[in-house]
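This report refers to the structure that appears directly beneath it.
Position 1 is the first residue of the sequence, and the numbers go up from there. Computed from a predicted model, the values in this text were never measured in an experiment.
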Amino acid sequence: MTRPTIRVGVVGLGWMGQAHSRSYARIPMIFPERAYDPVLAVCADSDPARRDMATGSFGFERAVGDWRELVAAPDVDVVTICGPNMIHEEIAVAAAAAGKHVFCEKPVGGTPEQTVRIEAAARRAGVTTGVGYNYRWAPLVQHTRRLIAEGRLGVITNYRGRFFSMYGADPMGLLSWRFQQEGAGYGVSTDILSHSVDLAHMLVGPIRRVIGTMETFITERPRPSGAGTHYDRGRPGDPTGPVTNEDYVGCLVEFENGARGTFEASRTMLGPESQCAFDVYGTRGAAGWDLERLNELRLYLSPDDPDELDTGYTTVLGGDRFPYHGNFVPGSANGIGFEDLVTIEDFEFLSSVHAGREHHPGFEDALAFVSVQDALLRSIESGGWADVVSLRED
Ligand SMILES: NC(=O)c1ccc[n+]([C@@H]2O[C@H](COP(=O)([O-])OP(=O)(O)OC[C@H]3O[C@@H](n4cnc5c(N)ncnc54)[C@H](O)[C@@H]3O)[C@@H](O)[C@H]2O)c1
């Protein structure tokens with residue numbers, strides 16, 4: 001059976017560019033029911049070694065050094081943006097103007113203002129957009145969404161979201177683009193808080209107001225001598241430079257539906273290695289999920305019989321009875337992993353492109369996050385509560 005093709009261009013073949021490229025390539029094997037076939041058409045990376053990898057290992061038809069060539073290419077339908085945050089705006093705006101559908105890694109822009117401009121440009125161009133909020137797609141997160149929608153947890157009263165990563169905990173970790181305003185924009189309030197707030201938006205709904213705090217705990221880091229990521233280390237005596245964005249952010253929030261919540265994000269705390277986690281509490285039950293235990297859901301359901309003694313949290317293990325899981329492995333407790341979520345995300349995005357429909361999470365959802373981030377930044381500035389106001393440009 002021949003299917004229509006969707007020709008993909010990927011900008012930036014680092015961690016996430018490689019993850020998306022592998023994901024596009026295996027969509028036919030993981031989702032045989034697909035209505036289209038992805039083609040890895042063009043990769044753009046400023047690093048020649050990455051360009052060699054694109055054609056030699058990933059099977060891209062060609063690789064170019066300048067992303068403008070990729071955006072202008074008539075044989076590219078979708079542009080997937082996986083470069084450092086602060087280059088996203090120029091690429092996304094140019095891609096939308098060229099009529100390409102755009103998938104952009106989170107948080108979309110490095111600053112709220114950039115995300116606002118990107119969302120407006122794509123909306124005006126009428127292209128389909130997607131954002132790399134990949135944790136939405138975890139089968140047990142989707143299951144939690146369903147439990148809440150069906151009322152199984154009752155009325156949601158409380159929410160705790162956190163993303164504690166150790167990627168910046170070592171003071172010898174290199175001063176990569178993530179630790180600098182000119183490369184990343186804001187620090188964790190852009191980088192990883194965006195995942196936590198996005199999950200809460202999906203599970204509980206919009207946030208009404210915020211009060212928060214932030215801090216940079218490691219203020220100097222070794223400068224990279226060549227290409228280096230946030231997982232690479234310098235050596236004692238290496239020249240250092242200043243960290244110019246925040247390591248930690250925390251806030252208390254009120255949701256529009258009356259629920260109360262907290263969010264924290266840190267890249268320097270020791271201990272939690274990649275805890276993108278939430279606990280959601282309702283009047284009939286509670287659920288908790290943590291990326292470090294991606295294949296487990298902690299679930300508390302109030303018993304129908306108030307005299308029931310055997311109550312408490314139970315652990316539900318992932319399996320093929322939950323959304324998407326069976327596309328990867330059959331049965332129960334055979335786990336799936338981080339990159340599988342990226343494959344689900346890419347399959348869903350290309351399915352929306354193929355169907356010509358609006359996609360979620362898309363730039364509208366990124367705009368909802370930066371509207372919260374903007375309120376958080378205003379709250380930190382003023383020291384008081386700040387209302388969330390939509391930043392959408394008319
Ligand atoms: N969704 C997630 O879970 C997740 C995880 C990690 C990163 N991210 C996001 O993905 C994006 C990329 O992060 P990463 O960790 O993959 O970065 P990375 O540093 O591993 O890779 C960036 C790549 O972009 C290339 N590049 C830099 N400037 C370029 C330019 N001007 N033109 C073309 N290529 C250029 C680099 O050579 C490199 O190959 C960021 O926006 C980040 O926030 C998302």
Side-chain angles (χ1 to χ4, degrees), residues 6-12 16 20 36 44 67-68 70-74 76-134 136-137 185-186 189-191 193-195 197-202 205-208 256 345-378 387-394:
I6 301 182
R7 297 178 57 81
V8 180
V10 174
V11 181
M16 290 313 290
H20 285 292
Y36 57 83
W67 59 263
R68 289 168 193 82
L70 180 154
V71 163
V76 167
D77 304 312
V78 165
V79 175
T80 295
I81 303 171
C82 301
N85 298 341
M86 291 301 268
I87 69 171
H88 291 185
E89 180 181 2
E90 207 184 347
I91 304 168
V93 169
K100 314 291 186 191
H101 305 292
V102 188
F103 182 94
C104 187
E105 258 309 333
K106 42 56 59 175
V108 179
T111 63
E113 297 74 22
Q114 288 183 335
T115 301
V116 169
R117 291 193 291 266
I118 294 169
E119 189 276 337
R123 178 163 34 87
R124 285 168 195 146
V127 298
T128 302
T129 63
V131 183
Y133 288 133
N134 39 319
R136 277 193 182 208
W137 298 107
Y186 287 94
S189 76
T190 276
D191 186 16
L193 181 73
S194 58
H195 280 297
V197 171
D198 179 68
L199 285 173
H201 277 159
M202 182 182 82
I207 292 167
R208 181 168 58 205
E256 281 183 12
E345 163 176 271
D346 290 335
F347 164 70
E348 287 290 350
F349 175 64
L350 291 191
S351 298
S352 295
V353 168
H354 174 74
R357 63 175 178 241
E358 195 178 318
H359 181 74
H360 292 282
F363 289 179
E364 190 185 325
D365 302 281
L367 183 70
F369 163 67
V370 297
S371 299
V372 174
Q373 184 189 15
D374 171 69
L376 171 61
L377 296 169
R378 282 188 279 113
D387 290 339
V388 177
V389 180
S390 173
L391 299 180
R392 190 180 197 266
E393 264 182 14
D394 288 328

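- Taking the side chain as every heavy atom from C-beta outward, His88 and Gln114 never approach each other to under 4.5 Å.
- Using a 4.5 Å heavy-atom threshold, the side chains of Val370 and Pro107 count as separate.
- The only option from Val8, Thr80, Asn134 that meets the side chain to side chain contact (heavy atoms under 4.5 Å, CB included) definition with His20 turns out to be Thr80.
- Between Tyr36 and Ser351, the closest side-chain pair of non-hydrogen atoms falls below 4.5 Å.
- Between Asp394 and Arg392, some side-chain heavy-atom pair lies under the 4.5 Å cut-off.
- Side-chain contact between Val11 and Leu70 is present, with at least one heavy-atom pair separated by less than 4.5 Å.
- When each of Thr115, Val131, Ile81 is paired with Cys104, the side chain to side chain contact (heavy atoms under 4.5 Å, CB included) condition holds for Ile81 and for no other.
- Ion pairing between a basic and an acidic side chain is recognised when a charged N comes within 4.0 Å of a carboxylate O; Arg68 and Glu90 show such pairing.
- Partner of Ser352 under the side-chain hydrogen bond (donor to acceptor under 3.5 Å, both in side chains) criterion, chosen from His101, Glu358, His359, His360: His359.
- Here the side chains of Tyr133 and Leu199 are not in contact, with every heavy-atom distance at 4.5 Å or above.
- Annotation: side chain of Phe369 is not in contact with side chain of Val108 (no heavy-atom distance under 4.5 Å).
- In this structure the side chain of Leu367 never reaches within 4.5 angstrom of the side chain of Arg123, judged on heavy atoms.
- Side-chain contact check for Ser194 and Gln373: no donor-acceptor pair (N or O, by modelled atom type) lies under 3.5 Å.
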